[in-house]
Structure formats: structure tokens, C-alpha cells
**Q** 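One structure, pasted below without further comment.
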Amino acid sequence: MIPYGRQSIDQADIDAVVAVLQSDFLTQGPQVPRFEETVADYCGAKHAVAVNSATSALHIACLALGLNQGDMLWTSPNSFVASANCGLYCGAQIDFVDIDLSTGNICPKALAEKLEAAAKNDSLPKVLVVVHFAGQPCDMEAIHTLCSPLGIKIIEDASHAIGSRYRDAVTGSCRFSDITVFSFHPVKVITSAEGGMAVTNNDSYAKQMRLYRSHGITRAPEDLKLKQAPAWHYEQQMLGFNYRMTDIQAALGNSQMRHLDNWIAQRNQLAKNYQEKLQALGLNYLQVAADTLSAYHLFMLVLPENKASEHRSIFEELKSRGIGVNLHYTPIHLQPYYQEMGFQSGDFPIAEAYASRAITLPLYPELTEQQQDYVIDTLADIMGQ
Ligand SMILES: *Cc1c(COP(=O)(O)O)cnc(C)c1O
């Protein structure tokens, strides 16, 4: 089976992990701050806070932005459930903004209309989580221009998008957002096994997120309530969690960062091959805006509208012929848990239409051109072309 995505691990990655196992610290040693510094430098962000998953990073990002009971969080229905669940963890209510069918990202026009309606009945969100779907940054300037006068905070869920660029800005620079979150799950662009990171230019958000990551505990002398504290003294100043990343994970993540730009280039080359071959078959795929560099975490085929009825059979036939296709994503509002909250089929028609025609094709740096040819030839055969 050709998987839809997989990690690449070389000897240097293995050596980096083994070195931690042989060192004094398995966790809370020097590797986590090192990884944080590497990612912050890469993004040009002031602070990076490493945690045990992007899900945890989204949660502490929402908390740092003050999201609370009675507040509203908006996100894209075309995402992994974590982009919305983070709001529920804070007791907030969730709503969605429909997507643009050509990119899979939140549609700025749909956002503008929804904001206008929400402003009228006093139901504006406190936080908007934008999702850089498949690795392509959203139209951040347009989104920021809409949200910033209304005081809406923006989190970029860049779980798919480390290494991507929006115009001349590296994703994670937070030029048009408050906090950006990355995932290092093995199917993503780089991996630390499990792991995530939140980056920000805001000193106070960074400090809050560090507290939330580790029980709400601080040892920093300048932050302690007790003055002239003894050396053993630490203080829990709020209710936090244990969301810490281990040094084993950080060493792997940091080692993987060596490859990031090469892998993005390889993913873009592989995507270009797919595009040319799909064009020759008259098939469509998600478009990438000219002013962005996608990290190409995913390559999404979008079947023609008149083939939506064959979506399932084409998908299953590809699987049965050894191609590990997937579907990113069943819209979040169609999940049973969200349906119980009152969301209904038809609420976000573009995301639903997209999901009824989308197929994730295999894409990862070690995918060969022969394997890509096999994917395309099989697809052509199934579709009778
Ligand atoms: C993978 C993913 C997450 C969650 O990442 P974890 O590191 O597995 O918690 C969140 N949002 C999106 C868009 C994702 O793809």
C-alpha cells in the first residue's frame, strides 16, 4: 500500500534521539528550548512554546487569548476536529465559516458576510482559528483586515503548513495573527512523533502559554508572589496542565528541521507532477494562490461535480489497488458530536460539496515518480479515461 503520507527518518534523526536517551534528561532538559529556538528563528517569531501536540497548543493558545465560557470561536469546517474542539475545552461556543471551493481555505467573502450579520446581533467571535488547509496559507491580510477593527483575535492553525509562505512572510511570523500553531505528528511535514508548538510575538501570550503547559507553575524569581523565596520554592498561580514535550521528541523535531526547506521543495515538485498529469486527464485539484508557497502537506484531487455520485466507488477502488487515499476532511459540523449541538447537514454547503468530491492522493518526500505514475494510471483506468 502506498500511504497518503509518511515520515522520513534518517540516521542523524536516530542519532539525535539516541543521544538524548544516553543523556541526563529525558524531559525538561536542554532539547526542548533548543527546538523552540530553532522554530522561532525559522519563523522570525519572538517566542515558541513546545507542547505534546498541536491539539494542546490550540488549547493553550485559546486560553492565553482569554477565551472563556460565553465566548464564541469560529473556525473552518474543513479541518481536523481539534481546530474546533479547542474552543469547547474553554467552555466557548463554536461556529464555522464556509470555505472557498478552489482552495479549501476559509473564504474571506463568507467571513465578511458572517461578521456583518454577527455584528448586528451582538454575536461576534472572540477568536477566529484559520486553518492553512493542505499547507496553503489562508488570505491572511484580508482576514486580518476584517477581524482586527472588531477586536477579534486570530490563531493560525498551521498544523499542515510549517515551511509555507504567504507573500514574503514565513508562516509563523504572526504578521497577521496573534498566535500560530504547528503539529509534528508523523503524517505532517516534519515530525517529533507526537508534538506541537505555538509561536507568537506577544510576550504576555507566551508567558501565559508556558504557565498553562506545566500546571500553572512558575519558578521564575521575578514572577513569584513570595519575595526572597527559598531555593525549593515554586508557585502554582493558575490551573494549568501537563502538556510538556519530552526532550526525546524535541531532539527528533529539531533534527527534522534541517530538512524542512528541501522537503517543501520536494513536495512542491511532486505536486507539480500530479497537476500536470491530472490536467492531461481533465481532472481538477485544489489551487494554490500565486503569492503563496504551500507546504503541500496534502495533495487534494477534486472530482468533477458530475462524478460526485462515484466518489465512494472511485475511492474504494483506489484503496483496493494499493493506493492509500484518504479524505481531508469530513466537515467538522457533520460529526455526530457537533450534530448533537445542533449543526445540520446543509449548514456549510461549500465544505460539504468539497467533501463529496475530494480525495487525498499520496504525497510525501520519498514518494517516487513511478509511484505517482501508478496513482495516475490507476485513477485514469478507474475513471475510464
Ligand atoms: C493534525 C492536526 C491537528 C492536531 O495535531 P496533533 O499534533 O495531532 O494534536 C490540528 N489541526 C489540524 C488542521 C491538523 O491537521
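Counting starts at 1 for both ligands and their atoms, in listed order. Both backbone and side-chain heavy atoms feed into the values below; hydrogens, waters and symmetry mates do not.
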**Q** Starting from atom 11 (N) of ligand 1, locate the nearest protein heavy atom and write down its residue, its atom name and how far away it is, to 0.1 Å.
**A**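 Nearest protein contact, heavy atoms only, for atom 11 (N) of ligand 1 is Asp157 OD2, 2.8 Å.
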
**Q** Are Ser83 and ligand 1 in contact, using a heavy-atom cut-off of under 4.0 Å?
**A**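 Yes, Ser83 has a heavy atom closer than 4.0 Å to ligand 1.
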
**Q** State if Lys188 counts as touching ligand 1 under the rule of any non-hydrogen atom under 4.0 Å.
**A**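 Heavy atoms of Lys188 do come under 4.0 Å of ligand 1.
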
**Q** Could you list the atoms of ligand 1 found under 4.0 angstrom from a heavy atom of Ser79?
**A**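 That gives atoms 13 (C) of ligand 1.
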
**Q** Please work out whether any backbone atom (N, CA, C, O) or any side-chain heavy atom from C-beta onward of Thr55 is under 4.0 Å from ligand 1, and answer side chain, backbone, both or neither.
**A**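 Near ligand 1, Thr55 shows its backbone as well as its side chain.
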
**Q** Compute the minimum heavy-atom distance from Ala57 to ligand 1 and say whether it is under 4.0 Å.
**A**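 The answer is no: ligand 1 sits nowhere under 4.0 Å from a heavy atom of Ala57.
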
**Q** Could you list which atoms of ligand 1 come closer than 4.0 Å to a heavy atom of Gly195?
**A**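 Here the atoms of ligand 1 in question are 7 (O).
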
**Q** When rounded to the nearest 0.5 angstrom, what is the spacing between CD in Glu317 and CZ in Arg312?
**A**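 Between Glu317 CD and Arg312 CZ, I get 13.5 Å after rounding to 0.5 Å.
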
**Q** Do Asn262 and Gln266 have a side chain donor and acceptor closer than 3.5 Å?
**A**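 Note: Asn262 and Gln266 side chains miss the donor-acceptor criterion.
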
**Q** Check for me whether the distance between the ring centres of Phe184 and Phe35 falls short of 6.0 Å.
**A**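 Under 6.0 Å, so yes.
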
**Q** So between His59, His132, His185, whose heavy atom ends up nearest atom 8 (O) of ligand 1?
**A**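 Closest candidate by heavy-atom distance is His185.
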
**Q** Counting distance only, does the side-chain N/O of Gln249 pair as donor-acceptor with the main-chain N or O of Glu194 below 3.5 Å?
**A**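 Yes.
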
**Q** Below 6.0 angstrom between ring centroids: does that apply to His59 and Tyr243?
**A**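 Centroid separation for His59 and Tyr243: below 6.0 Å.
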
**Q** Relative to the heavy atoms of Ser183, which atoms of ligand 1 are at a distance of less than 4.0 Å?
**A**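 Listed by number with element: 5 (O), 6 (P), 7 (O).
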
**Q** For atom 10 (C) of ligand 1, what is the nearest protein heavy atom, given as residue, atom name and distance?
**A**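 Closest protein heavy atom to atom 10 (C) of ligand 1: Ser159 OG, 3.4 Å.
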
**Q** Decide whether an N or O pair under 3.5 Å exists between Leu58 and ligand 1.
**A**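 Between Leu58 and ligand 1 (N or O atoms, distance only) the closest approach is not under 3.5 Å.
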
**Q** What class does the angle between the rings of Phe343 and Phe96 fall in, given that below 30° is parallel, 30 to 60° is tilted and above 60° is perpendicular?
**A**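 Rings of Phe343 and Phe96: perpendicular, as their planes differ by over 60°.
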
**Q** If we only consider heavy atoms of Tyr329, is any one of them less than 4.0 Å away from an atom in ligand 1?
**A**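 Tyr329: in contact with ligand 1 (<4.0 Å).
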
**Q** Ignoring hydrogens and angles, state whether a donor on the side chain of Ser356 or His311 is under 3.5 Å from an acceptor on the partner side chain.
**A**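 Side chains of Ser356 and His311: no pair found under 3.5 Å.
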
**Q** Measure the shortest side-chain to side-chain distance between Phe348 and Val97 over non-hydrogen atoms and say whether it is less than 4.5 angstrom.
**A**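 No. Closest side-chain heavy atoms not under 4.5 Å.
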
**Q** Would you mind telling me which of Tyr4, Tyr274, Tyr364 makes a ring-ring contact (aromatic ring centres under 6.0 Å, His included) with Phe299?
**A**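 Result: among Tyr4, Tyr274, Tyr364, Tyr274 is the only option passing the ring-ring contact (aromatic ring centres under 6.0 Å, His included) with Phe299.
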
**Q** Against heavy atoms of Ala82, which atoms of ligand 1 measure under 4.0 Å?
**A**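 Listed by number with element: 10 (C).
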
**Q** When you measure from atom 15 (O) of ligand 1 to every protein heavy atom, which one gives the shortest distance, and what is it?
**A**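 Among all protein heavy atoms, the one nearest atom 15 (O) of ligand 1 is His160 NE2, 2.7 Å.
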
